[in-house]
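Whatever order the structure lists them in is the order used to number ligands and atoms, beginning at 1. Remember, it's a predicted structure, so these values are computed and weren't measured experimentally.
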Amino acid sequence: MSFTSLSLKGVTRRFGGKDALTDLSLTIDHGEFIALLGPSGCGKSTALNCLAGLLPLSGGSIWQDDRRLDTLPPERRGFGMVFQSYALFPHLTVRNNIAFGLRMRRVPRAEVRRRTDEAIRLVRLEEHAGKLPGQLSGGQQQRVAIARAVVLEPSLVLMDEPLSNLDAKLRLEMRTEIRRLHQSLGLTTVYVTHDQEEALSLADRLVVLRAGRVEQIGTPAELHDTPATAHVADFMGYRNLLPMKVSAPGTVEGSGLSLPTKSTLPAGSDVMVAVRPEDLVVAPGGVPVTVEVVEYQGREVAVEARTLAGVPVHLRTADRPAPGDQVTVAADPDRVLVFPA
Ligand code: ADP
Ligand code: MG
């Protein structure tokens with residue numbers, strides 16, 4: 001069933017009096033790729049399972065346009081699911097695993113054949129259609145699981161950490177595959193991951209969760225450039241997260257650093273300052289730090305240094321400093337983000 005938008009309104013789920021998910025509100029447009037991102041235990045699977053109908057809600061509601069969904073059993077929502085464990089039938093061939101759901105729905109035999117062939121082709125398993133899951137690699141099994149979900153032409157595809165059992169290289173390949181399928185089939189996808197890079201590369205919008213609550217919803221660029229909290233900044237690769245104090249309007253000091261900022265918090269405020277390694281640059285007249293570890297990263301090196309207060313900081317530079325060198329660092333005030341502590 002097609003739809004224009006799918007809305008979660010104040011979705012809450014408790015386990016034994018403890019909130020696993022609190023007040024999640026989100027509207028997903030048809031065709032969007034949404035990632036739910038956050039550390040283990042933050043409520044991602046709970047949110048996905050509430051959406052799928054595998055978990056009843058403790059509060060709130062879910063709507064597909066003006067049709068209420070959260071009171072419907074999973075099979076009546078028309079969603080496809082792909083889990084971390086592939087959950088394939090071991091005794092059925094690839095083809096029969098993919099065809100299974102269509103047969104359950106009593107789709108005519110010729111159409112089962114046509115749609116199954118199409119799905120096998122989409123996930124590039126033509127040469128393996130007659131094999132059993134046990135004869136396939138992890139990545140191929142995951143493709144079967146994806147084909148099995150998309151062959152039903154679901155209005156929404158839900159994926160819970162589908163790549164976390166694969167090795168790094170395969171994870172990258174399958175990531176591209178998933179994005180390609182999403183686009184070519186015009187799917188709407190909700191994808192759960194704890195991997196920020198995966199979420200940023202796949203999603204049109206990310207929902208960052210922490211302890212069951214939404215910290216921020218936004219496009220990759222919005223989260224990257226203007227994280228709403230120090231926690232989101234941490235997830236977005238702001239490796240320098242330092243407790244400091246606003247010493248004067250437009251200046252933060254502490255942890256052995258003094259940096260300019262556009263923040264308008266009043267002098268005396270205790271703050272958490274976030275700066276990405278690439279925005280902490282080696283510059284004359286900056287704050288002195290001592291280089292400790294230099295890691296080769298192609299055109300640049302990643303440097304771990306220590307401030308005079310003994311606090312580790314991370315920076316990147318095209319120079320080639322050596323451990324023990326003293327360099328001075330500075331940052332553009334636009335890129336020094338300040339959060340109330
Ligand atoms: P994530 O998928 O982000 O790792 P989950 O949604 O699985 O997190 O879990 C969120 C919180 O809810 C955790 O504290 C977890 O222990 C708790 N939780 C999840 N499922 C259950 C359950 N069936 N019974 C009790 N507590 C649960
Ligand atoms: Mg989970």
### Message
Quick check on side-chain hydrogen bond (donor to acceptor under 3.5 Å, both in side chains): which of Arg276, Arg335, His224 does Tyr238 satisfy it with?
### Response
Arg335
### Summary
When Arg121, Arg115, Arg114 are each screened for side-chain hydrogen bond (donor to acceptor under 3.5 Å, both in side chains) with Glu118, the one that passes is Arg121
### Task
Specify side chain, backbone, both or neither for His194, according to which of its non-hydrogen atoms lie closer than 4.0 Å to ligand 1.
neither
### Query
Considering residues, nucleotides and ligands other than Glu197, do more than 12 of their heavy atoms fall under 6.0 Å from its CD?
no
### Query
the Mg ion (ligand 2): which protein N, O or S atoms are under 2.8 Å away?
Ser45 OG
Could you tabulate the donor-acceptor pairs under 3.5 Å formed by side-chain atoms of residues 46-62, not counting sequence neighbours?
| from | atom 1 | to | atom 2 | distance (Å) |
| --- | --- | --- | --- | --- |
| Asn49 | ND2 | Ser45 | O | 3.2 |
| Ser58 | OG | Arg14 | N | 2.8 |
| Ser61 | OG | Trp63 | NE1 | 2.8 |

Minimum-distance protein heavy atom relative to [atom]:
atom: atom 6 (O) of ligand 1; value: Thr46 OG1, 2.5 Å
atom: atom 7 (O) of ligand 1; value: Ser45 CB, 3.8 Å
atom: atom 1 (P) of ligand 1; value: Gly41 N, 3.4 Å
atom: atom 12 (O) of ligand 1; value: Ala20 CB, 3.2 Å

## Note on the structure
From the list Leu280, Thr251, Val252, side chain to side chain contact (heavy atoms under 4.5 Å, CB included) partner of Val336 resolves to Val252
If you compare all heavy atoms of [X] against all heavy atoms of [Y], which two are closest, and at what distance to 0.1 Å?
X: Ala147; Y: Val123; result: CB-CG2, 3.8 Å
X: Phe3; Y: Ser155; result: CE2-O, 3.1 Å
X: Pro162; Y: Val82; result: CB-CG1, 4.0 Å
X: Asp23; Y: Gly10; result: OD1-CA, 3.1 Å
X: Leu152; Y: Gly101; result: CD2-C, 3.7 Å
X: Glu161; Y: Lys44; result: OE2-CE, 3.4 Å

### Task
Using a strict 4.0 Å threshold on nitrogen-to-oxygen distance, state whether Arg95 and Asp117 make a salt bridge.
yes
### Query
Touching ligand 1 at all, Arg13? Heavy atoms, strictly under 4.0 Å?
no
### Min heavy-atom dist Cys42 to ligand 1 below 4.0 Å
yes
### Query
Heavy-atom distance from atom 23 (N) of ligand 1 to the protein below 4.0 Å?
yes
### Query
Is atom 15 (C) of ligand 1 less than 4.0 angstrom from some protein heavy atom?
no
### Any N/O pair Gly43/ligand 1 closer than 3.5 Å
yes
### Message
Does any N or O of ligand 1 fall below 3.5 Å from an N or O anywhere on Phe15, backbone included?
### Response
no
### Message
If the cut-off is 4.0 Å to any non-hydrogen atom of Ser40, which atoms of ligand 1 fall inside it?
### Response
4 (O)
### Summary
So the atoms of ligand 1 within less than 4.0 Å of a heavy atom of Lys18 turn out to be 14 (O)
